[in-house]
Every structure is written in structure tokens, then in C-alpha cells.
Amino acid sequence: MGGLKMKVAVVGATGLVGSKMLQVLAERNFPVTELIPVASEKSVGKEVEFKGKKYKVVSMTDAIAAKPAVAIFSAGGGTSLEWAPKFAEAGITVIDNSSAWRMDPAKPLIVPEINADILTANDKIIANPNCSTIQMVVALNPLYKKYGIKRIVVSTYQSVTGTGVKAVEQLRGERVKEVKGESSDYPMAYKYPIDLNVIPQIDVFLDNGYTKEEMKMVNETCKIMRDNSIRVTATAVRIPVMGGHSEAVNVEFVKDFDLDEVKALLQSSPGVVVVDDTTRQQYPMPMDAHEKDDVFVGRLRRDESQPNTLNMWVVSDNLRKGAATNAVQIAEYLHSKGLLG
């Protein structure tokens, strides 16, 4: 398969994540011979740009007929449930960014640095994990391999870009109103103002009092790490930041650790950058992770309240490694192993 080029469909090409996928495909020079941008019926006929060329958005049916080798979906769970199987039946490998297939036991849930080795040519629907889960497991995996993990307590500080364009417009509108005193028309993506505020709810509440987002982190972590004994509890919070999710992670290991060794393990891990120099007030922040593919880790310190436990601060660009880049990396892995087409 080596240098073979290929047709690639991006489903949801006009959305926030879809356009980021086009950008990442171009930046990483994925071998696209023909791009097939796909979106909802109302967007058909619009144009998107890819590597200096304009491409017309087509319908789902036309995209399947074009027989791409791979279709990267970021069009919501309902669309994925309806259309991913139709693409798969036509022999097209689907990499899906929604939550539709993540916990389906028959579908692999992949973070390439951790578990791409389970993929085969028969996997026609591959799930991309939740953005918050991805950055956390990328940071934890090298430590899990060395020390084992008993329990994770995570609190997230998540950007409005995780909600979508409407939320970005709400934050911008509120900020203009606050700074200039001008009341412009802007949509309300949230029930409450987000600027100068923090909303401790991401997605809907479930019967157990947790939100869907929080339970995604619990369930997906165990599936990706291939270890159902890891206990996870999460609180997911939306903050008025435009790009990049942050997480305070408290992790209890099975074995004790040495802090210098923890730093060394993280520094040598693919996709991880350690920013941790408290003497110079250096630690990861969303503004530094913006438009980067790495997961940044800092504030590494021992939890003094109980043994074998570490506190860490994890930051990543949620539209890139948290979504688009991870999906493209899955496609790159499949391509390199000759598993596409």
C-alpha cells in the first residue's frame, strides 16, 4: 500500500471539527488524491477549500457512490448511527468522532499512541474517543504501564469550542456586550451566560447525577486502557476559554513512584510535552496548546494525603488532538499498515 494515494471523505466538513480535520489532513500531508467533503442537505453545493483547491460539498449518497477509502465523520451521533453502517457496507472505513459507537463492544475505540495495534482490515467503523478522555489517557498511559492505576479523580476545565460554533458566538457576543456595552444579537448555546462564569454541566444529566460527558470519561478510559479495574470519577466543567481543554488529574497508582522518573517517562512519551518548572512559573495553559497536536503536562507533584498518588495538570487543543488530529492519526496508522481500501 506504501505510497498509494487515496480518496478521502470528510463528513461534517463545514462544522468546527470538520474544518479542523481538513486543516490537519493538509498540514500532515495525508496522501489525499481526491477530497470528498460531505455535509447536511442544506450545505450541499457549498464549497470548502483544501490545499488551495475548492471542492463542492456533496450528499451522503453521492459520497458513498464515490467509494472513498476512508470517511472521517464529525457530524453528530444521530448522523453516524444512520450513515456509518451504510459507508461500512460499501467497504469504506469510517473513523467516527461522535459518541455513537464508542462503547459498542464490537467497535474499537482508538488513541493511536495507546491501542492502534488492535486494528484490523475488518474494522470498518472505528470510534474516536471523547476529547477530554484522549488527552488524559495519552498523559496517563506511560505511567499506567510502569506503576498500574487503581483510581483516577479528574476535574475538567473545558473550552466552549467543544460545544461548537454557536457557543463561540455566545461567548464573543457576551464579551462585546461586557466590554463595549453594546448588545449585539448572539445565540445562546448554554442556558446561562458563559463569559465571566463557569458552568458545571457538560452534556445532559443521567440518573446517577453525573453528566454524560463525565460518564464518557469513566467508561472510555477503561476501554482504551484495556483495564476495567481502573476506577474513574469525573467532574466536567465549561469555562469561558476559546480553545483548549485543561484537566486536574489525581491518580492513585498500584505501585509507588519516583517523581523524577515520572517526569522522565512523560518526556520520552510520543505526543506528550512536559512543561513543569514552578521556579519560573511555567506550566501548561490552553493558550500555549492552541493549534498544537501535543498533550501538555505539568504541576507534577505527590499527593501528600495518601500513598502512591500523583497530581498533574493536563492541557491539549480539544479540536486537534482531542478530535481532528487523533482521527487523522488513526487514518495514518491504517494507511501505513495497508488496512485501507
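Residue indices begin at 1 and follow the sequence shown.
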Does T211 use its side chain to pair, donor to acceptor, with the backbone of F205 at less than 3.5 Å? no

Do R299 and V249 come within less than 4.5 Å of each other through their side chains, counting heavy atoms only? no

Run the numbers on N197 and Y190 for side chain to side chain donor-acceptor pair (under 3.5 Å), then give the verdict. CA-CA 11 Å; N197 195 24; Y190 307 113; over 6 Å; no

Drop me the distance from K292's NZ to S316's OG, to the nearest 0.5 angstrom. 11.0 Å

Given side chain to side chain donor-acceptor pair (under 3.5 Å), test S269 with N141 step by step and report yes or no. CA-CA 9 Å; S269 290; N141 189 54; over 6 Å; no

Salt bridge check: are R226 and D117 linked by an N-O gap of less than 4.0 Å? yes

Would you confirm whether Q170, through its side chain, and A189, through its main-chain N or O, come within 3.5 Å as a donor-acceptor pair? yes

Does a side-chain heavy-atom distance below 4.5 Å link D288 with V275? no

Could you tell me which residues satisfy side-chain contact (heavy atoms from CB on, under 4.5 Å) with V153, sequence neighbours excluded, listed by chain and number? R151, T233, N250

Does any part of the side chain of L265, heavy atoms only, come nearer than 4.5 Å to the side chain of Y147, both counted from C-beta? yes

Set out, in order, the CA-CA distance, both residues' side-chain angles and the distance that settles side chain to side chain contact (heavy atoms under 4.5 Å, CB included) for E247 and S132, then state yes or no. CA-CA 8 Å; E247 296 171 349; S132 315; 3.3 Å; yes

Do V10 and P37 have side-chain heavy atoms sitting under 4.5 Å apart? no

Could you give me the CA-CA distance, side-chain angles and deciding distance for M60 and T79, then say whether side chain to side chain contact (heavy atoms under 4.5 Å, CB included) is met? CA-CA 10 Å; M60 293 285 200; T79 304; 3.2 Å; yes

NZ/NE/NH1/NH2 to OD/OE distance under 4.0 Å, D293 and R320: yes

Can a donor-acceptor pair be found, under 3.5 Å and without considering hydrogens, that links the side chain of N326 to the backbone of I110? yes

Residues at least two apart in sequence or cross-chain that pass side-chain contact (heavy atoms from CB on, under 4.5 Å) with Q281, listed by chain then number, are Y283

To the nearest 0.5 Å, what is the distance between CD1 (I194) and CZ (R175)? 9.5 Å

Closest contact, heavy atoms only, R238 versus G162: NH1-CA, 3.9 Å

Under the side-chain contact (heavy atoms from CB on, under 4.5 Å) test, residues paired with N208 that sit two or more places apart: L206, Y210, M215

With sequence neighbours excluded, residues passing side-chain contact (heavy atoms from CB on, under 4.5 Å) with V58: I36, V38, D62, A63

Pairs in or reaching into residues 210-224: which pass salt bridge (Lys or Arg N to Asp or Glu O under 4.0 Å), with residues at least two apart or in two chains? R102-E220, D203-K216, E213-K216

Please name all residues satisfying salt bridge (Lys or Arg N to Asp or Glu O under 4.0 Å) with R302, sequence neighbours left out, ordered by chain then number. D256

Would you indicate whether the side-chain heavy atoms of M312 and V262 approach each other to under 4.5 Å? no

Which pair of non-hydrogen atoms, one from L340 and one from A69, has the smallest distance, and what is that distance? CD2-O, 4.1 Å

Any side-chain heavy-atom pair from F87 and K124 closer than 4.5 angstrom? no

Taking side chain to side chain contact (heavy atoms under 4.5 Å, CB included) as the criterion, tell me which of V315, V273, L266 meets it with V297. L266

Whether the side chain of N318 engages the backbone of G244 through a donor-acceptor N/O pair (distance < 3.5 Å, no angle test) should be reported. yes

Steps toward side chain to side chain contact (heavy atoms under 4.5 Å, CB included) verdict (M136, V314): CA-CA 7 Å; M136 184 173 78; V314 181; 5.6 Å; no

Can E291 and K20 be counted as an ion pair, charged N to O under 4.0 angstrom? yes

Distance check, rounded to the nearest 0.5 Å: T163 atom OG1 versus E169 atom CD? 12.5 Å

Heavy-atom closest contact (G45 atom, K56 atom, distance): O-CE, 3.9 Å

Does the Q267 side chain pair with the main chain of V274, one donor and one acceptor, at a distance under 3.5 Å? no

Evaluate the criterion side chain to side chain contact (heavy atoms under 4.5 Å, CB included) for residue pair F73 and N97; output intermediate values, then yes/no. CA-CA 6 Å; F73 272 61; N97 195 52; 5.8 Å; no

How far does OH of Y333 sit from CD1 of I95, to the nearest 0.5 angstrom? 12.5 Å

With a 3.5 Å distance limit and no angle check, can you tell me whether D303 reaches the backbone of S305 through a side-chain donor-acceptor pair? yes

Is any side-chain heavy atom of K321 closer than 4.5 Å to a side-chain heavy atom of H245? no

Working to the nearest 0.5 angstrom, can you tell me the gap between R28 CZ and T325 OG1? 6.0 Å

Roughly how far, to the nearest 0.5 Å, is CD1 of I126 from CG of L119? 4.5 Å

Can you confirm whether T61 sits close enough to W83 that some side-chain heavy atom of one is under 4.5 Å from a side-chain heavy atom of the other? yes

